[in-house]
Amino acid sequence: MAIAELVAERSTCIRRQVGAVIVKDRKILTTGYNGAPRGIKHCADVGCLRKELNIPAGERHEICRGTHAEQNAIIQAATFGVDISNGIVYSTHQPCFICTKMLINANVSKIIYKEEYPDKLAIDMLNEAKIPFVKI
């Protein structure tokens with residue numbers, strides 16, 4: 001988890017810094033942090049529409065400029081051809097519903113997180129998929 005926390009320090013999100021690490025067979029496969037896509041201005045530079053509109057955490061993800069940490073870890077695996085199936089995800093925060101769907105489809109075996117995130121649908125989906133998720 002310490003590595004996920006270190007990765008989170010790279011985040012350019014002004015609301016929440018999140019880091020994720022995907023591990024398999026005790027080896028780090030990929031990492032990700034939340035922030036604007038490559039080549040796009042960071043939220044720290046242009047502001048946060050979700051913050052300006054006072055949108056609560058866990059809602060209206062579609063108007064966020066940022067890509068989530070878990071998404072970036074999955075994208076990194078795809079970019080470099082790394083098989084993350086059956087990997088364990090260490091994330092500083094519980095994944096949102098969108099990231100949860102991606103992690104289910106990526107066939108991860110377990111999710112370990114530190115901070116809760118208000119997204120009941122994500123928890124329901126993980127339970128249905130029978131993917132263990134553990135808060136430490």
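Every heavy atom of this structure was used, including side-chain atoms; hydrogens, water molecules and symmetry mates were not.
How far CD1 of Ile98 is from CE of Met125: 11.0 Å, rounded to the nearest 0.5 Å. Once rounded to the nearest 0.5 Å, the distance linking CD of Gln71 with CD1 of Ile74 reads 7.5 Å. Between the CG atom of Asn105 and the OG1 atom of Thr100 there is a distance of 11.0 Å, given to the nearest 0.5 Å. One finds the CD1 atom of Ile111 at 9.5 Å from the SG atom of Cys99 (value rounded to the nearest 0.5 Å). Residue Asn34 holds its CG atom at 8.0 Å from SG of Cys64, rounded to the nearest 0.5 Å.
Across every non-hydrogen atom of Ala57 and Pro118, the tightest pair is O-CG, 3.5 Å. Across all their heavy atoms, Ala122 and Gln94 have their closest contact at CB-NE2, 4.1 Å. Between Arg16 and Ser11, the shortest heavy-atom contact is O-OG, 3.8 Å. Between Ile136 and Met1, the closest heavy-atom pair is CD1-CE, 3.7 Å. Of all heavy-atom pairs between Ala129 and Ile104, the closest is CB-CD1, 3.9 Å. For the residue pair Gln76 and Leu29, the shortest heavy atom distance occurs at OE1-O, 4.4 Å.
In this structure, the side chains of Ile131 and Leu103 stay at 4.5 Å or more apart for every pair of heavy atoms. You'll find the side chain of Leu53 reaches within 4.5 Å of the side chain of Ile63, heavy atoms only. Counting heavy atoms from C-beta on, the side chains of Arg65 and Lys41 come closer than 4.5 Å. Side-chain contact check for Thr30 versus Ile28: every heavy-atom pair is 4.5 Å or farther apart.
The salt bridge (charged side-chain N to carboxylate O under 4.0 Å, His left out) pairs that include a residue from residues 113-126 are Glu5-Lys114, Glu116-Lys135, Lys120-Asp124, where partners are two or more places apart or lie in different chains. The ring-ring contact (aromatic ring centres under 6.0 Å, His included) contacts involving residues 9-39 comprise nothing, where partners must be two or more places apart or lie in separate chains. Applying the ring-ring contact (aromatic ring centres under 6.0 Å, His included) test to every pair with at least one member in residues 91-136, sequence neighbours left out, gives no pairs at all.
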Q: Test Ser91 against Glu70 for side-chain hydrogen bond (donor to acceptor under 3.5 Å, both in side chains), laying out the working first.
A: CA-CA 8 Å; Ser91 183; Glu70 299 89 346; 3.0 Å; yes

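Other residues sharing a hydrophobic cluster with Val18 under the 4.5 Å side-chain heavy-atom criterion for ILVMFWY residues do not exist; the residue is a singleton.
Ile40 and Ile14 are not part of a single hydrophobic cluster, where members link through side-chain heavy atoms under 4.5 Å apart. In terms of hydrophobic clustering, with Ile, Leu, Val, Met, Phe, Trp and Tyr side chains grouped at heavy-atom distances under 4.5 Å, Ile112 and Val7 are assigned to a common cluster. A continuous path of Ile, Leu, Val, Met, Phe, Trp and Tyr side chains, each step under 4.5 Å between heavy atoms, connects Val108 with Leu126, placing both in one hydrophobic cluster.
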Can you give each donor-acceptor pair under 3.5 Å made by side-chain atoms of residues 42-52, sequence neighbours left out, with the distance rounded to 0.1 Å?
from, atom 1, to, atom 2, distance (Å)
His42, ND1, Thr12, OG1, 3.1
Arg50, NE, Glu59, O, 3.2
Arg50, NE, Arg60, O, 3.4
Arg50, NH2, Pro56, O, 3.3
Arg50, NH2, Glu59, O, 2.4

Mind listing the side-chain donor-acceptor pairs of residues 77-89 below 3.5 Å, one per line with the distance, residues two or more places apart or on another chain?
from, atom 1, to, atom 2, distance (Å)
Thr79, OG1, Ile75, O, 2.8
Asp83, OD1, Ser85, N, 2.9
Asp83, OD1, Ser85, OG, 2.6
Asp83, OD2, Ser85, OG, 3.3

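Counting heavy atoms of neighbouring residues, nucleotides and ligands inside a 6.0 Å radius, atom CZ of Arg15 exceeds 12 of them.
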